[in-house]
Amino acid sequence: MSTVAQTRLPRVSPRRRRADTIARGVVLAFTLIAVVPLVLILYFLIKEGLGAWSGDFFTTDPTGRFLGDPGGIRSAILGTIEMVALASVIAVPVGVGVALYLVEYGKVSRFANVVRYFVDVMTGVPSVVFGLFVYIVLVVTKVAGTFAAWKGSVALALLMLPVVTRSAEVVLNLVPNSLREAALALGAPRWKVVFRIVLPTALPGIVTGSLLAVARAAGETAPLLFTAAFVLGANADLSQRMNSLPLQIFNDVGQAQDRLVQRAWGAALTLVLMVLVLTLIARLIQRRSKLAA
C-alpha cells in the first residue's frame with residue numbers, strides 16, 4: 001500500500017484547472033471565429049448559386065446579352081478544364097523532376113539549397129505577378145499571336161510548380177533510405193532505383209500534392225486576365241482566347257444585371273464544388289496510402 005501511495009500522482013490544483021479551462025475556452029473561441037466565415041461563405045454560395053443552376057446553365061454558352069437570356073457557363077467549364085489540364089502536364093513532371101534532383105542527387109549541395117530557396121520564394125509570389133510575367137514575355141512580344149489559352153496555362157503552371165515541388169520533396173524524403181540502400185547493394189543503378197523503388201513508393205503522396213496544386217490553379221483569376229483574356233463561346237483551340245470559370249465570375253459579378261450576378265453565383269458554386277472534388281480525391285488517395293502502409 002505504501003508503494004502505491006508513493007507512486008500516485010498528485011492532485012491537480014484548482015488554479016491549474018482554471019487555467020486549463022480558460023485555455024480550452026480561448027482555443028474553442030478562436031476555432032469558432034475561423035469556422036464562422038467559412039460556414040457563411042458556403043451558406044451564401046449554396047443559397048445564391050443553386051438558384052442559377054439548371055440544365056441550360058451547364059449546356060449553353062454565355063450569350064453576351066444584357067437583356068434577355070444571358071446563357072450558361074459551358075464554355076467556362078470546358079476552358080477551365082483544358083487550361084488546368086495543360087498546366088498540370090507542364091508543372092507536374094517538372095516539379096517532380098526538381099524534387100527528385102533535390103532529394104536524390106543535390107541533397108545539401110550549394111546549388112540544391114539555392115534551388116530550394118527560389119522554390120520557397122515562388123511559393124509566396126502573388127498569382128498576378130506570374131500573369132504579368134507571362135504577359136510581358138509571351139503576349140506583349142506576340143509569341144505565336146497575342147492572347148491565347150496556352151499562355152494562360154503557362155502562367156498557371158508557374159503558379160503550380162512550387163507547390164508540386166515542395167510537396168513531392170517532402171514525400172520523397174519520407175521514403176526509407178533502407179529501400180534505396182538495398183536496391184543499390186543488389187547492383188541496381190541509381191536511375192533505376194529512383195524509377196523502380198522511390199517513385200512507386202512515393203506516388204500516392206505525389207498525386208495528392210499535385211491534385212492540391214491543381215485545385216489552387218483552378219480558382220486563379222489574375223494570371224488568366226493577362227494571358228487567356230475572355231471569350232463567350234466554347235473553344236477547344238488552345239492557341240486562341242478561352243473562357244474560364246474565374247474569368248466568367250469576374251466579368252459577371254460587376255454587372256448591373258441581376259441575372260448576370262446570379263450566373264456569377266452559380267459559376268462560383270460550380271468552381272467550389274470542382275475544387276472540393278479534387279481535394280476529396282487527394283484526401284482519399286492519402287488515406288488509402290496510409291492504410292496500405
Side-chain angles (χ1 to χ4, degrees), residues 80-125 130 134 149-150 152-220 238 274-293:
T80 298
I81 294 173
E82 288 181 41
M83 284 190 285
V84 173
L86 179 57
S88 302
V89 171
I90 298 172
V92 173
V94 175
V96 174
V98 173
L100 282 173
Y101 167 77
L102 294 177
V103 175
E104 300 296 330
Y105 299 96
K107 298 182 179 179
V108 294
S109 66
R110 181 176 299 178
F111 179 71
N113 290 331
V114 171
V115 172
R116 288 189 184 93
Y117 173 76
F118 280 105
V119 169
D120 292 337
V121 170
M122 288 180 65
T123 304
V125 172
F130 293 111
V134 176
W150 69 267
S153 296
V154 172
L156 294 179
L158 292 175
L159 186 72
M160 294 170 57
L161 184 60
V163 179
V164 176
T165 301
R166 293 301 290 166
S167 60
E169 183 183 4
V170 171
V171 173
L172 290 171
N173 279 321
L174 295 177
V175 177
N177 283 327
S178 57
L179 295 178
R180 299 181 178 88
E181 294 170 354
L184 292 172
L186 292 174
R190 181 168 289 275
W191 68 267
K192 187 171 290 188
V193 173
V194 170
F195 285 98
R196 296 289 183 88
I197 304 297
V198 177
L199 275 180
T201 305
L203 186 60
I206 293 175
V207 172
T208 300
S210 300
L211 287 177
L212 293 176
V214 168
R216 181 191 174 188
E220 290 293 339
L238 289 169
M274 290 174 62
V275 173
L276 178 62
V277 168
L278 288 174
T279 305
L280 288 177
I281 293 174
R283 296 294 183 185
L284 290 174
I285 294 174
Q286 187 178 23
R287 179 176 297 181
R288 180 170 294 183
S289 64
K290 290 181 178 179
L291 293 176

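All values reported here derive from a predicted model rather than from experimental measurement. For the numbers below, each heavy atom of this structure counts, side chains included, while hydrogens, waters and symmetry mates do not.
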Engineer: If I compare all heavy atoms of A157 with all of A91, which pair ends up nearest, and what's the gap?
Structural biologist: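 Heavy atoms only, the tightest pair is O-CB, 3.6 Å.
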
Engineer: Supply the atom-to-atom distance L172 CG to L199 CG, rounded to the nearest 0.5 angstrom.
Structural biologist: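 Output value for this atom pair is 6.5 Å.
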
Engineer: Check whether more than 12 heavy atoms from other residues, nucleotides or ligands sit under 6.0 Å from atom CZ of F195, and answer yes or no.
Structural biologist: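 Incorrect, the count does not exceed 12.
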
Engineer: Could you measure the distance from the CD1 atom of I197 to the CZ atom of R190? Nearest 0.5 Å is fine.
Structural biologist: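 Answer rounded to 0.5 Å: 12.5 Å.
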
Engineer: Atom CG in L159, atom CD in E220: separation rounded to 0.5 Å?
Structural biologist: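 Those atoms lie 5.0 Å apart.
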
Engineer: To the nearest 0.5 Å, what is the distance between CG on L156 and CE on M83?
Structural biologist: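 Result: 7.0 Å between the selected atoms.
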
Engineer: For the side-chain contact (heavy atoms from CB on, under 4.5 Å) test, which of V115, L100, V170, V98 pairs with T165?
Structural biologist: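 Going through the options one by one, the only one that passes is V98.
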
Engineer: Which pair of non-hydrogen atoms, one from L184 and one from P189, has the smallest distance, and what is that distance?
Structural biologist: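 What the structure gives for the nearest pair is CD2-C, 4.4 Å.
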
Engineer: Whether the side chain of R180 engages the backbone of E104 through a donor-acceptor N/O pair (distance < 3.5 Å, no angle test) should be reported.
Structural biologist: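 Checking the backbone N and O of E104 against the side chain of R180, no donor-acceptor pair under 3.5 Å is found.
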
Engineer: Which one of L280, V275, T279, I281 satisfies the side-chain contact (heavy atoms from CB on, under 4.5 Å) criterion with V277?
Structural biologist: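 Looking at L280, V275, T279, I281, the match for V277 under the side-chain contact (heavy atoms from CB on, under 4.5 Å) is I281.
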
Engineer: Can you name the nearest heavy-atom pair linking L102 to A112, along with the distance?
Structural biologist: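 L102 and A112 have their closest heavy atoms at CD2-O, 3.6 Å.
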
Engineer: Would you say that W150 contacts I90 through its side chain, given a criterion of any heavy-atom pair below 4.5 Å between the two side chains?
Structural biologist: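 Of all side-chain heavy-atom pairs linking I90 with W150, none is under 4.5 Å.
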
Engineer: Determine the minimum heavy-atom distance between V163 and R216, stating which atoms define it.
Structural biologist: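 Taking V163 first and R216 second, the nearest heavy atoms are CG2-NH1, 3.7 Å.
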
Engineer: If you compare all heavy atoms of V164 against all heavy atoms of S210, which two are closest, and at what distance to 0.1 Å?
Structural biologist: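 Looking at all heavy atoms of both residues, the closest pair is CG1-OG, 4.2 Å.
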
Engineer: Taking all non-hydrogen atoms of both residues into account, name the closest pair between S167 and G209 and its distance.
Structural biologist: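 So the minimum-distance heavy-atom pair works out to OG-CA, 3.6 Å.
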
Engineer: Would you say the side-chain atoms of N113 and R110 include a donor-acceptor pair closer than 3.5 Å?
Structural biologist: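 Distance-only check fails for N113 and R110.
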
Engineer: Quick one: pull up CZ in R116 and CZ in F111 and give me the separation to the nearest 0.5 Å.
Structural biologist: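 Interatomic distance, R116 CZ to F111 CZ, rounded to 0.5 Å: 11.0 Å.
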
